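Excluded from the calculations below are hydrogen atoms, water molecules and symmetry mates; all remaining heavy atoms, backbone and side chain alike, are included. On a predicted model such as this, the values are computed, not experimentally measured, just so you know. Naming convention: chains lettered A, B, ... in sequence-line order (proteins, then strands); numbering from 1 in each chain.
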Amino acid sequence: MRTHHLPIQGATCQGCANKIRTALGAVPGADEIQVDLDGQEVTVRGDARPEALTRALAESGYGVEPAPESESESESESEDSDSTQSGGGDIQLSITGATCASCVRSIETALGGVPGVREASMNLADHSARVSGQAAPRDLIRAVESAGYGASVVDDPHRADQQREAREQAHYRQLLRHTGYGLGVGAPLMLWGLLGGSMTVQPGTASQAAWLAVGLITLAVLAVPGRPFFVGAWKALRHHNANMDTLIALGTGTAWLYSMVVVLAPGLVPEAARHVYFEASAMIIGLISLGLALEVRARGKTSAAVKRLLDLRAKTARVLRDGGEQDIPVEQVVAGDRVRVRPGEKIAVDGEVEEGSSRLDESMLTGEPMPVAKGPGDSVAAGTLNEGGTLIYRATRVGADTALAQIIELVKKAQGTKPPIGRLADQVSAVFVPTIMLIAVAAALVWFNVGPQPPFSHMMVAATTVLIIACPCALGLATPMSVMVGVGKAAEYGILIRQGEALQTAADLDTVVLDKTGTITEGRPALTRVLAVDGETEEEVLTLAASLEAGSEHPLARAIMTAAEERGLSPRSVSDFQALNGKGVSARLDGATLRLGNRRWLEQQDVTLALEDQAAGLSKDAATPLFLARDDRVIGVLGVADRIKDDAADAIRRLRERGLRVIMITGDIQASADAIARQAGVDEVLAEVLPEDKAREVKRLQGDGAKVAMVGDGINDAPALAQADVGFAIGTGTDVAIESAAITLMSGSLHGVADAMAISRATLGNIKQNLFGAFVYNSLGVPVAAGLLYPFTGWLLSPVIAGAAMSLSSVTVVSNANRLRFFKPGKHRADQERSRAAV
Amino acid sequence: MNWLINLSGLALMALIVWWFWLSGAGKTRRATHGTVDIVVDDGVYEPAVIESNAGEPLSLRFERRDASPCAEQVVFHGLDVSEYLPVGETTTVTLTPEQPGTYRFTCQMNMYQGKLIVH
């Protein structure tokens with residue numbers, strides 16, 4: 001009988017483990033097979049030949065090619081439990097202590113000097129270094145450290161997630177076991193007491209010996225399932241700190257010590273006070289462990305949104321390399337790779353479509369339920385689902401650079417921030433535990449001095465109950481749990497909230513300023529009308545305009561080019577092309593000077609105007625009139641308009657129904673602005689505002705006492721977004737990192753603004769409920785536990801009840817926060833989902 | 001006998017006030033090379049007090065050993081920095097405090113407490 005340890009790679013799930021077991025089980029002589037996913041190792045006992053095992057493993061797809069350094073690698077893996085690479089590929093290191101560009105050079109040199117390193121590059125911005133080659137992670141870390149910096153290996157995210165989950169699961173099971181021990185000992189004792197059994201000690205009788213045995217069993221409960229509380233309490237105490245552990249350890253410890261004194265030296269205690277409280281100690285440990293277990297469970301759900309985002313990450317990608325196709329782990333895809341995605345598969349990394357066409361479901365990122373058509377030139381985002389055909393795309397952003405990775409990062413960060421409403425709870429919970437200890441001692445003294453006989457047992461019960469019932473958790477959890485769920489909920493709708501503070505501010509806004517271009521409108525102007533003076537044809541006017549604009553990048557130019565293309569007109573080539581910013585363009589064609597631009601500019605050029613009435617009519621319909629002049633005479637007018645988004649009017653109506661004042665802000669002239677405003681249904685219009693003045697307008701509104709939300713594109717509107725109480729950046733698709741705005745709307749739909757406000761209000765309401773509940777619980781529970789009701793009703797809480805109440809209170813807070821997960825921000829979503837089902 | 005118990009009760013209360021609020025807290029660790037390793041376990045950050053200079057970038061490497069969800073996150077109050085700490089892993093928090101002062105860093109429930117003193 002021999003034991004073989006074989007390294008494996010790429011085995012990430014139980015399914016993989018089963019495959020490995022089946023593969024190895026088929027090898028003659030392999031009797032017992034154990035797969036360790038965490039350590040990426042398989043242990044085989046039996047008389048099987050090692051070569052046969054290695055071959056079977058290689059065939060299963062999880063084998064590791066023998067590499068020269070595999071020895072030291074596996075060693076370092078077991079030591080640091082952090083690395084990933086076995087057979088080459090890139091290793092990502094997190095570097096600490098590097099502050100300047102010169103550090104980058106010395107780190108790169110240090111890494112480059114390690115045998116087996118092919119290439120090492122450091123990124124100062126995110127303090128990471130990527131090393132490719134065959135080097136062992138441990139050697140790399142050592143090299144960086146000897147250069148005077150710190151380094152650690154960044155894990156393969158999938159494996160790390162699984163390990164994390166496994167650890168959390170193990171913690172949960174451990175808590176349940178502890179619950180079992182605590183309640184297993186405590187419940188029978190309590191039942192004995194309730195059924196009339198004696199809970200007092202008669203010195204010199206068998207009851208004393210029996211209680212001594214019970215006391216020792218209870219000590220075992222305190223020492224094993226209760227151990228974390230005592231260790232935590234002791235460590236905290238040494239740090240001049242006190243936490244929940246302190247309260248529980250003190251409470252259960254006091255009850256046990258008192259009972260032990262009664263058992264061992266009954267003579268010290270008056271006869272009436274010879275009551276033991278072992279059941280309380282055991283029950284409390286059991287109940288608190290149960291509460292913690294339930295909390296771990298419920299918390300898993302509060303972070304469901306992040307988990308859902310994490311799950312969107314593809315594990316492998318089918319890369320076209322060296323003339324063939326291969327499935328490789330997504331971490332190994334590099335920018336520039338060509339990737340094939342088949343129907344029903346997820347996009348693995350961000351990229352640009354090169355071949356094929358399909359529809360992608362981007363709802364998981366943008367909240368937009370309709371699938372989006374993609375063809376060559378379109379960008380695709382990691383995590384979105386390919387519904388239709390096959391696409392081949394070129395990877396542009398991989399790893400932590402993908403929109404999905406950034407969204408996850410952002411959501412995680414935002415979930416950790418707190419709206420100001422939580423500050424009071426923070427201040428209270430910072431001094432909470434020592435305060436409770438003081439109250440417990442004070443209560444005991446009061447019982448001692450003015451309480452009924454026997455004083456000692458009453459003192460003990462009151463102090464213990466105060467310590468146990470006080471729940472810093474409920475207070476501390478109230479805000480963060482709701483923020484976590486609220487921010488996650490928003491992410492589900494394609495709304496990225498940058499700080500918790502925005503949640504609170506967004507809940508009490510009264511004015512919304514909407515930028516016109518790209519926010520209310522599509523942001524892509526289209527040609528709506530062509531007018532020609534007598535003697536010219538519309539075709540001629542459009543052809544000339546297209547010839548002029550062929551060299552321009554302006555969005556208006558693109559609208560004209562597209563229209564010309566649609567009508568099958570081809571532009572002619574011009575000379576002396578000139579573009580004058582904000583005015584128009586001019587060029588020479590067939591000896592004549594052609595100009596296309598706004599009316600004011602042409603007037604300045606002494607051009608004779610024509611078609612002015614019709615042009616004014618265009619303005620009324622929200623189109624921008626462009627005048628085309630040949631030499632000194634206008635020969636035609638082109639109307640270009642930016643259509644409003646399909647759902648803009650609907651979303652604006654929703655905002656107004658919420659009682660918000662909706663204002664449109666634009667640089668357009670009043671007439672076209674009014675026309676768009678009419679279609680969109682806004683309350684007010686601020687027209688002819690220069691881009692740099694938008695922030696000033698927002699400030700002016702704030703000066704009038706308004707709480708202003710600014711909604712814009714995040715680039716041109718950045719100052720106004722920053723000035724507003726809450727800035728909403730309208731993203732296009734998956735633009736994530738819009739720093740200037742507190743909230744980013746990824747779907748581009750204005751419904752996001754109303755959704756974000758609805759979610760914020762719901763979250764804030766939830767926080768208020770939680771805080772109220774936690775404050776009320778503690779401020780009622782503690783006095784009752786101290787015995788405040790005793791003089792009036794004769795009630796004194798049992799420590800066991802306190803233990804149950806305490807674990808229930810934190811579970812209640814977490815569950816109430818979880819309720820937010822079922823919140824629906826508005827009815828339009830249901831409509832959209834229905835229309836989607838119909839598609 | 002009575003006065004003895006009362007007196008020891010009051011002494012205990014005084015001790016609580018002194019120990020948790022008045023006496024200096026914990027060991028201080030000056031950041032060397034801008035990097036400090038902090039162990040997150042059993043309800044405390046170790047070390048719990050970090051000193052640093054304003055404007056100097058700081059890398060705090062939190063090694064979370066405690067699996068209880070309380071330890072899940074570290075929040076730096078007043079610096080707008082927070083980070084998830086996965087169990088069993090070392091997570092680096094990099095920050096550059098610009099203003100001198102004392103910043104608390106805690107878990108999201110304020111049970112784990114630490115201080116960042118910026119000179």
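When each of Val813(A), Leu175(A), Val814(A) is tested with Glu295(A) by the rule side-chain contact (heavy atoms from CB on, under 4.5 Å), just one qualifies, namely Val814(A).
Interface residue Thr435(A): backbone and side-chain heavy atoms are both found under 4.5 Å from chain B. For chain A, the nearby parts of Gln113(B) are the backbone and the side chain; heavy atoms of each come within less than 4.5 Å. Within the 4.5 angstrom heavy-atom criterion, no atom of Ala414(A) approaches chain B. Contact annotation for Leu292(A): neither backbone nor side-chain heavy atoms come within less than 4.5 Å of a heavy atom of chain B. With a 4.5 angstrom heavy-atom cutoff, Thr90(B) does not touch chain A via any of its atoms. If you measure heavy-atom distances from Leu475(A) to chain B, you find no contacts under 4.5 Å at all. Contact of Phe20(B) with chain A is made through backbone and side chain together, with heavy-atom distances under 4.5 Å.
By the 4.5 Å heavy-atom criterion applied to side chains, Pro472(A) and Leu247(A) are counted as neighbours. Leu22(B) has its side chain within reach of Val17(B): a pair of non-hydrogen atoms, C-beta onward, lies under 4.5 Å apart. Side chains of Thr94(B) and Leu58(B) form no contact here, defined as non-hydrogen atoms less than 4.5 Å apart.
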- [ ] Applying salt bridge (charged side-chain N to carboxylate O under 4.0 Å, His left out), run through Glu63(B) and Arg61(B) and close with a yes or a no.
- [x] CA-CA 6 Å; Glu63(B) 185 193 347; Arg61(B) 297 197 291 194; over 6 Å; no

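Phe62(B) and Tyr45(B) have perpendicular rings, their planes meeting at more than 60° on a 0 to 90° scale where under 30° would count as parallel.
Interface summary for chain B: among Leu477(A), Val296(A), Val433(A), the most heavy-atom pairs under 4.5 angstrom belong to Leu477(A). For the set Ala425(A), Ser429(A), Ala444(A), the count of heavy-atom pairs under 4.5 angstrom toward chain B peaks at Ser429(A).
Between Tyr112(B) and Phe105(B), a ring centre-to-centre spacing not shorter than 6.0 Å is recorded.
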